[in-house]
Amino acid sequence: MKIKYKLKHIDHNARYGTIETNYGTFETPMFMPVGTLANVKTLTPEELKATNSAIILSNTYHLWLRPGEGVIDKAGGLHKFMNYDGPILTDSGGFQVFSLAEKKNITEEGVTFKSHIDGSKLFLTPEISIKVQNKLDSDIAMSFDECPPYPVSREYMEKSVDRTLRWAKRGKDVHNNPKQSLFGIVQGGEFEDLRKKSALETIKLDFDGYAIGGTSVGEDKPTMYKMIDDAIGYLPEDKPRYLMGVGDPVDIIEGVIRGVDMFDCVLPTRLARHGNAFTKYGKINLKNLKFKEDFTQVDECDCYTCKKYTKAYLRHLITCNETLGGRLLSIHNIRFLIRLTEELREAIKENRLLEYREEFLNNYTKNES
RNA sequence: GCGGGUAUGGUGAAGUGGUUAACACGGCGGAUUGUGGUUCCGUUAUGCGUGGGUUCGAUCCCCACUAUUCGCC
């Protein structure tokens with residue numbers, strides 16, 4: 001079956017709801033950890049679930065190249081392949097074209113670019129992306145869009161938005177996995193009218209949910225928030241809204257306040273591997289000398305890492321490049337964002353979201369320069 | 001004991017008779033937003049073994065000492 005979204009409560013523009021999937025129901029707003037290559041880096045599904053994470057994101061482009069969608073199809077789909085029985089959303093590969101293709105050529109038909117693995121020439125189209133996602137058998141597939149860099153001229157963005165709309169239609173036309181939902185993506189950069197157009201035209205195609213894309217590509221925070229504001233008002237109330245690539249705690253709160261239901265980001269796991277941890281009082285870098293003999297826990301937190309390990313030990317692991325360090329910090333950072341969304345949901349239900357934001361920011365910005 | 005080589009920051013090392021001593025690693029700090037898993041950026045020697053000497057000037061030349069290393073006895 002397709003996903004089913006139920007809106008249960010609104011505080012300002014923030015929404016508390018649930019999304020029912022073939023692999024269980026979860027509450028929104030929700031943060032999705034990123035598992036690009038069919039795994040959330042360093043973590044087992046059991047460790048992931050212990051953080052109360054409910055849905056993860058994986059990646060079409062990467063799995064298309066390795067091991068290939070045929071392998072995953074033979075394995076019985078992505079869930080079985082990676083031993084994960086929760087819902088999975090797959091990104092279309094549109095962002096990878098933007099982020100890792102050096103020599104790319106975008107035409108109406110699709111995108112030609114070089115493989116990041118062996119440099120061979122690849123051609124990705126909306127049809128290929130959707131067909132691969134059909135085979136991966138994720139619960140939610142994403143439209144193949146163009147994610148233009150920031151900043152870009154208005155002329156370019158206009159053409160890009162129109163092309164992304166045509167690609168969205170082409171992808172939807174070939175989508176044929178009845179168990180899989182398909183989301184459209186709103187683009188338009190920082191141009192208010194293009195965001196509006198992109199939103200209204202995407203909605204006409206009638207997707208199962210809508211994403212706001214083209215954010216967190218180098219713009220400043222006020223611009224990002226404006227991009228959300230410019231698009232989200234046009235999105236239907238009865239479908240989930242997903243802000244792509246956003247995972248800074250403050251940005252998640254700002255997104256939720258504006259009506260976003262889903263987020264994904266590499267930040268918690270990447271920061272973890274680089275020795276950084278989210279805490280109630282701001283982000284800390286465990287590599288700092290001041291933690292060398294700090295035998296307290298990382299944060300006021302209920303995760304496995306905080307319950308069992310000290311900053312000094314984690315600093316030691318990170319300093320020595322031991323993978324356990326990144327793993328333990330991934331557990332904490334993911335739990336931090338999941339717990340943030342749990343608290344946001346409670347705040348929405350109790351109509352005190354703005355108070356929650358103020359309280360959170362008061363603490364979180366304490367140690368930030 | 002005799003003969004030769006070498007002595008530069010935490011480490012491995014470049015280098016020059018004349019303002020700021022290369023580079024790498026390490027250290028320290030920062031970055032990171034639909035992940036190309038050990039990434040990127042900044043910073044890090046008032047100092048060239050010790051003591052003399054030559055010179056306007058020495059880390060670079062000379063002498064002694066000390067350390068270290070190789071060979072021989």
Side-chain angles (χ1 to χ4, degrees), chain A residues 31-43 55-63 65-66 88-102 113-119 122 129 133 138 140-148 150 164 183-187 211-221 223-225 227-228 242-252 254-255 260 262-278 283-292 315 317-323 325-327 329-330 333 337 368-369:
Chain A
F31 174 78
M32 304 184 280
V34 175
T36 300
L37 284 160
N39 81 107
V40 176
K41 291 189 193 305
T42 73
L43 301 185
I55 169 171
I56 62 169
L57 179 144
S58 196
N59 189 275
T60 304
Y61 164 78
H62 288 281
L63 296 178
L65 293 192
R66 286 189 306 202
I88 301 173
L89 179 150
T90 42
D91 190 19
S92 63
F95 186 77
Q96 279 58 50
V97 172
F98 154 78
S99 69
L100 55 82
E102 289 162 26
F113 62 110
K114 287 170 75 175
S115 160
H116 73 278
I117 297 167
D118 60 9
L122 299 171
S129 173
Q133 293 186 75
S138 54
I140 300 171
M142 298 303 300
S143 283
F144 185 71
D145 64 333
E146 185 194 356
C147 182
Y150 177 87
T164 287
F183 280 22
I185 303 175
V186 177
Q187 289 288 350
I212 297 171
T215 63
S216 59
V217 288
E219 78 282 8
D220 56 27
K221 284 177 184 287
T223 303
M224 185 206 287
Y225 302 153
M227 288 175 176
I228 304 170
Y242 160 30
L243 181 59
M244 306 188 80
V246 169
D248 179 86
V250 176
D251 295 342
I252 288 178
E254 294 299 330
V260 175
M262 302 160 73
F263 302 84
D264 82 280
C265 195
V266 305
L267 214 49
T269 43
R270 179 182 289 164
L271 286 178
R273 277 177 274 118
H274 297 337
N276 293 56
F278 295 127
K283 201 180 72 181
I284 62 172
N285 185 351
L286 283 161
K287 286 184 286 192
N288 287 173
L289 192 59
K290 62 184 173 187
F291 298 120
K292 189 169 187 175
R315 177 179 195 278
L317 292 177
I318 294 291
T319 300
C320 299
N321 260 329
E322 285 290 339
T323 51
R327 182 162 151 223
L329 282 177
S330 289
N333 282 345
L337 293 184
E368 282 197 344
S369 51

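This one's a predicted model, so the numbers in the text were calculated from it and none came from an experiment. In what follows, chains carry the letters A, B, and so on, assigned in the order in which the sequence lines appear, proteins first and then strands, with residues in each chain numbered from 1.
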Per-nucleotide pairing state of RNA chain B [Watson-Crick or G-U, under 3.5 Å; [ ] pseudoknot-crossing; | other strand]: ((((((((.[[[..)..(....]]]((((((.......))))))....[[[[[..)....]]]]]))))))).
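Proximity note for Lys287(A) (side chain, C-beta onward) versus U35(B), U39(B), U33(B): the nearest is U39(B). Side chain of Asn285(A), nearest nucleotide from G34(B), G30(B), G37(B): G30(B). Out of U33(B), G36(B), G27(B), the shortest distance to the side chain of Asp251(A) is found at U33(B). When each of U39(B), G34(B), U33(B) is scored by its nearest atom to the side-chain atoms of Gln187(A), the top-ranked nucleotide is G34(B). Closest to the side chain of Gln96(A), out of U32(B), U38(B), G34(B), is G34(B). In this structure, the nucleotide among U39(B), G34(B), G37(B) sitting nearest to the side chain of Thr323(A) is G37(B).
Spacing of C1' atoms, G1(B) relative to C60(B), comes out at 33 Å, to the nearest Å. On the P atoms, C72(B) is 24 Å away from A13(B), given to the nearest whole Å. Nucleotides G4(B) and U39(B) are separated by 48 Å at their P atoms, to the nearest Å.
Between Asn288(A) and G30(B) there is a side-chain N or O to OP1 or OP2 distance below 4.0 Å. Remark: His62(A) is not in phosphate contact with U35(B), judged by side-chain N or O atoms under 4.0 Å from OP1 or OP2.
At distances below 3.5 Å, not a single donor-acceptor pair connects side-chain atoms of Ser138(A) with backbone N or O atoms of Leu89(A).
Atom CZ of Arg327(A) and atom C1' of U38(B) are 18 Å apart (whole Å). Between Lys290(A) atom NZ and C28(B) atom P the separation is 13 Å, expressed in whole Å.
Side-chain atoms of Thr90(A) and Gln133(A) form a donor-acceptor pair, as typed in the model, at a separation below 3.5 Å.
Within 6.0 Å of NZ on Lys221(A) lie more than 12 heavy atoms contributed by other residues, nucleotides or ligands.
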